[in-house]
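A, B, ... follow the sequence lines: proteins, then strands. Residue 1 opens every chain.
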Number of protein chains: 4
Amino acid sequence: MVKDNELTKQKLLKAALEIFSEKGYYETKVSDIVKRAGVAQGTFYLYFQTKESIFTSIIQSTNDQMIEQIDQIFAEQVSPQMPKEELTRRLYETIYNCMALYRDHRSIVYMMRIHGASQFAEAESVAKACDENLLGIIMKLFRKFQLFPEYDQFQYEVAARAIHGLLNETCMQYVIVQELTEEELSKIVGVVTQMIYNMTLGCE
Amino acid sequence: MVKDNELTKQKLLKAALEIFSEKGYYETKVSDIVKRAGVAQGTFYLYFQTKESIFTSIIQSTNDQMIEQIDQIFAEQVSPQMPKEELTRRLYETIYNCMALYRDHRSIVYMMRIHGASQFAEAESVAKACDENLLGIIMKLFRKFQLFPEYDQFQYEVAARAIHGLLNETCMQYVIVQELTEEELSKIVGVVTQMIYNMTLGCE
Amino acid sequence: MVKDNELTKQKLLKAALEIFSEKGYYETKVSDIVKRAGVAQGTFYLYFQTKESIFTSIIQSTNDQMIEQIDQIFAEQVSPQMPKEELTRRLYETIYNCMALYRDHRSIVYMMRIHGASQFAEAESVAKACDENLLGIIMKLFRKFQLFPEYDQFQYEVAARAIHGLLNETCMQYVIVQELTEEELSKIVGVVTQMIYNMTLGCE
Amino acid sequence: MVKDNELTKQKLLKAALEIFSEKGYYETKVSDIVKRAGVAQGTFYLYFQTKESIFTSIIQSTNDQMIEQIDQIFAEQVSPQMPKEELTRRLYETIYNCMALYRDHRSIVYMMRIHGASQFAEAESVAKACDENLLGIIMKLFRKFQLFPEYDQFQYEVAARAIHGLLNETCMQYVIVQELTEEELSKIVGVVTQMIYNMTLGCE
DNA sequence: TATGAATGAGCGTTCATTCAT
DNA sequence: GATGAATGAACGCTCATTCAT
């Protein structure tokens with residue numbers, strides 16, 4: 001049911017994603033993309049208006065998917081009444097799933113975060129949307145668990161962002177930049193879980 | 001006592017830093033830089049061999065300075081025997097000083113981290129050097145305080161990186177991206193200090 | 001049967017040859033070439049990697065042709081046993097054919113010898129290859145006719161080069177620099193033949 | 001009695017000659033010249049209006065000297081009545097002196113002939129003036145010795161140019177391009193003398 | 001739909017020349 | 001006279017985009 005031209009478009013998107021990931025936006029030439037996709041130079045412009053548009057199109061669509069999947073990962077209900085072991089287990093699972101998700105989109109995340117971010121306003125805002133979404137989820141959990149009741153809205157945000165940064169950097173360094181085994185991933189998630197637990201639930 | 005040509009070089013560096021920060025490496029044209037510096041196109045090449053070289057020269061030299069200053073900030077001795085209040089105070093001060101340092105180099109850090117990173121291998125490695133230095137310092141403190149004694153080397157590294165990420169992201173988001181008042185900065189440092197304290201010393 | 005792009009390439013080669021001949025390598029701008037060829041600036045780089053490469057490509061290919069044709073001109077067998085009239089006739093014909101060949105490649109030879117030589121190592125070596133080829137042919141004839149039997153190898157070479165210089169300069173001055181009638185060419189070849197005959201066969 | 005500024009001018013001329021010889025006109029930068037001369041960039045323009053003008057000035061003045069010296073070399077009277085041995089000896093000496101003269105101006109001749117010729121009209125005309133002078137001398141000798149009495153003016157010229165080419169190429173190849181010992185030079189002059197003798201006096 | 005030759009604006013860089021000191 | 005920092009026109013080359021086929 002995939003139309004012939006859909007196939008060509010997919011070839012272009014795949015090639016573009018690969019090369020953008022390898023070399024970044026500016027060092028990627030449209031000619032590189034079409035060469036790897038195996039189509040003619042002109043064909044590119046049947047499917048994308050500009051070089052910029054294929055770039056934003058890639059990160060846009062991936063981002064939408066990832067936001068959705070992250071929402072699903074966090075959708076599982078947790079409540080302050082749960083025993084700590086249960087909460088820890090769920091925290092672990094959630095973080096694991098998140099990191100696995102990033103791992104599965106390694107090259108696109110790499111492109112978006114490492115090469116793409118802030119090369120255009122648009123690219124930046126896409127990455128930001130993803131961050132803000134995750135940040136919102138974290139803050140909601142803060143409120144649900146009434147952590148740091150003395151904090152005002154701004155302090156809440158800072159705290160949430162601290163967790164986000166913690167997650168983000170470990171994810172980038174260990175999950176995005178290299179190929180990981182399951183075992184390694186588990187180990188990383190273990191440490192990260194403990195850190196986040198300590199930061200939040202594990203202290204009076 | 002500044003020679004005339006040093007002045008021109010400084011004008012170029014200043015202009016370049018500003019425009020690189022605003023637009024990133026690729027969108028910055030040499031012609032933009034010289035225009036803002038108020039010199040002729042050719043003058044640029046009296047002081048810098050290429051456009052790339054002014055870029056790396058800026059981040060290189062700033063980075064060296066910052067690494068040195070961070071080392072100084074952390075040089076103050078702390079020991080596990082100190083009372084917790086003293087440790088907390090020092091932790092707070094250290095983080096404050098770090099963030100203030102970054103704030104004072106706002107635009108250059110912005111350029112390096114947001115625009116520069118991974119546009120060239122060299123730019124990337126410079127930023128990395130800075131991160132690794134801080135990471136090393138954190139790990140040394142981990143050992144000194146015998147935190148997480150059950151961790152192996154890799155887990156130590158992950159934990160240190162978690163702290164680094166926490167610091168880094170809050171710093172980027174609040175200190176680099178915008179102009180902050182002292183009050184706001186204090187508030188942020190307060191939250192971050194507490195988070196790190198919780199993660200490390202504040203739990204059994 | 002000539003593909004469209006071959007045609008463009010030919011237009012560029014023709015224009016380049018003309019302008020290089022007129023102004024030399026350095027005074028010829030790529031923009032001159034494309035203007036005369038009636039194509040856009042970028043089109044040039046579809047067919048040639050650099051300005052230098054079109055230059056060497058022109059002289060290289062012409063040179064190869066000319067070496068081959070000179071070899072053919074001299075291929076006809078002559079022997080010391082032939083009567084002097086026959087030898088003289090053949091000498092005349094050979095020289096005539098050589099000069100006619102150069103005349104037919106006038107502008108390219110001009111470019112190569114007058115403008116091109118020693119502007120690059122490569123251009124120089126191409127011209128040299130042609131000279132050395134001719135020199136080798138002359139020396140072979142020396143040996144066949146056992147001229148100057150008292151000469152050693154070096155003296156042979158000098159003598160051959162003397163003949164080559166004689167031929168070369170008359171050729172350059174009369175054949176390359178101007179448009180010649182058949183009659184003028186015959187007259188020149190007549191004199192040159194006699195000179196060479198005198199130098200070699202015509203003396204005890 | 002050499003004024004201070006004359007010295008500077010000489011340093012510039014010497015440096016320019018050297019570098020022009022090594023790299024040719026276009027590859028020589030004014031900055032190269034002043035660097036080797038050990039003066040400042042601006043100083044150059046106190047002594048020469050343009051880069052082109054130092055070039056033509058060098059070849060002009062050297063050429064004038066060489067023309068004069070060649071005239072002197074050929075000034076010695078020869079006449080058809082002299083015995084052949086005497087004539088041969090004088091021919092030998094004349095050619096020897098000529099080649100030695102060129103040898104002594106090796107680098108300047110190299111620059112003029114190999115790099116300079118025909119990069120500008122002016123440079124070309126200087127070299128030509130030298131050639132034409134020698135050509136005129138040769139033709140005068142032709143007439144004096146009534147060689148080839150059946151030749152018309154044009155044929156005379158061709159014959160003279162043939163000799164000139166013979167001399168010129170051997171001179172360029174052996175004398176200009178490399179450093180020669182006296183012995184080698186003698187050997188070359190020996191062959192060339194014989195060739196020219198054969199071409200002219202040595203045949204009925 | 002697909003091609004790929006053609007386009008041309010725009011970039012980084014060079015270097016002969018000028019001029020304030 | 002001497003300096004050398006400053007100039008700016010001009011070049012070679014790139015590459016996103018167009019368009020006739």
Side-chain angles (χ1 to χ4, degrees), chain A residues 3-9 26-35 38-54, chain B residues 3-9 11-12 26-34 37-54, chain C residues 3-9 11-12 26-34 37-54, chain D residues 3-9 26-35 38-54:
Chain A
K3 279 186 300 177
D4 210 41
N5 51 22
E6 253 314 293
L7 205 151
T8 302
K9 188 170 189 178
Y26 288 98
E27 297 294 344
T28 298
K29 312 301 165 205
V30 173
S31 61
D32 296 335
I33 298 174
V34 296
K35 220 171 287 160
V39 301
Q41 188 90 355
T43 305
F44 181 90
Y45 291 89
L46 294 174
Y47 295 100
F48 303 97
Q49 282 194 325
T50 62
K51 176 186 162 188
E52 190 176 333
S53 80
I54 195 176
Chain B
K3 276 189 303 179
D4 211 42
N5 52 26
E6 258 310 298
L7 207 149
T8 303
K9 188 170 188 178
K11 281 195 290 185
L12 282 166
Y26 288 98
E27 295 296 342
T28 297
K29 312 303 169 197
V30 173
S31 60
D32 297 334
I33 297 174
V34 296
V39 301
Q41 190 87 357
T43 304
F44 180 90
Y45 292 92
L46 291 176
Y47 298 99
F48 302 97
Q49 285 195 322
T50 60
K51 176 186 162 189
E52 188 176 334
S53 80
I54 194 177
Chain C
K3 277 189 303 179
D4 211 41
N5 53 25
E6 258 311 299
L7 205 150
T8 302
K9 188 171 189 178
K11 279 196 291 185
L12 282 166
Y26 287 98
E27 296 295 342
T28 298
K29 311 304 168 198
V30 174
S31 60
D32 296 335
I33 297 175
V34 297
V39 301
Q41 188 88 356
T43 304
F44 180 91
Y45 293 92
L46 292 176
Y47 297 99
F48 303 96
Q49 284 195 323
T50 61
K51 177 187 160 188
E52 188 176 335
S53 81
I54 194 177
Chain D
K3 279 186 300 177
D4 211 42
N5 50 24
E6 254 313 294
L7 205 151
T8 303
K9 189 169 189 178
Y26 287 97
E27 297 294 344
T28 297
K29 312 303 166 204
V30 174
S31 60
D32 296 335
I33 298 174
V34 296
K35 219 172 286 158
V39 301
Q41 189 91 354
T43 305
F44 181 90
Y45 292 89
L46 295 175
Y47 297 99
F48 303 97
Q49 283 195 324
T50 62
K51 176 187 164 189
E52 189 177 334
S53 80
I54 195 176

Mind calculating the distance between [atom1] ([X]) and [atom2] ([N]) to the nearest angstrom?
{"X": "C:Ile33", "N": "E:dA6", "atom1": "CD1", "atom2": "C1'", "value": "18 Å"}
{"X": "A:Lys35", "N": "E:dT3", "atom1": "NZ", "atom2": "C1'", "value": "16 Å"}
{"X": "D:Glu27", "N": "E:dT14", "atom1": "CD", "atom2": "P", "value": "13 Å"}
{"X": "C:Lys9", "N": "E:dG4", "atom1": "NZ", "atom2": "P", "value": "17 Å"}
{"X": "D:Leu46", "N": "F:dT3", "atom1": "CG", "atom2": "P", "value": "9 Å"}

Identify the two heavy atoms, one from [X] and one from [Y], that lie closest to each other, and give their separation to 0.1 Å.
{"X": "C:Thr50", "Y": "C:Tyr45", "answer": "CA-CE2, 4.3 Å"}
{"X": "A:Tyr26", "Y": "A:Lys29", "answer": "O-NZ, 2.9 Å"}
{"X": "B:Leu12", "Y": "B:Ala37", "answer": "CD2-CB, 3.9 Å"}

Within the 4.5 Å heavy-atom criterion, are A:Ile33 and A:Thr28 side-chain neighbours or not?
yes

Heavy atoms, side chains only, cut-off 4.5 Å: are A:Tyr47 and A:Ile54 in contact?
no

Evaluate C:Phe44 against C:Val39 for side chain to side chain contact (heavy atoms under 4.5 Å, CB included), listing each step before the verdict.
CA-CA 8 Å; C:Phe44 180 91; C:Val39 301; 5.8 Å; no

By nearest heavy atom, map A:Val39 and C:Val39 onto DNA chain E; which one lands nearer the 5' end?
A:Val39

From the set E:dG4, F:dA2, F:dA5, return the single nucleotide nearest to any side-chain atom of B:Tyr47.
F:dA5

Helical stems, DNA chain F - three or more consecutive Watson-Crick or G-U wobble pairs below 3.5 Å:
E:2-21 with F:2-21

When you check every protein heavy atom under 4.0 Å of nucleotides 16-21 of chain E, what one-letter string (B, S, -) results, 5' to 3'?
SBB---

Not counting sequence neighbours, which residues clear side chain to side chain contact (heavy atoms under 4.5 Å, CB included) with A:Lys35? List them please.
none

If you compare every side-chain N and O of B:Thr8 against the phosphate oxygens of F:dA5 (OP1, OP2), does one of them come in below 4.0 Å?
no

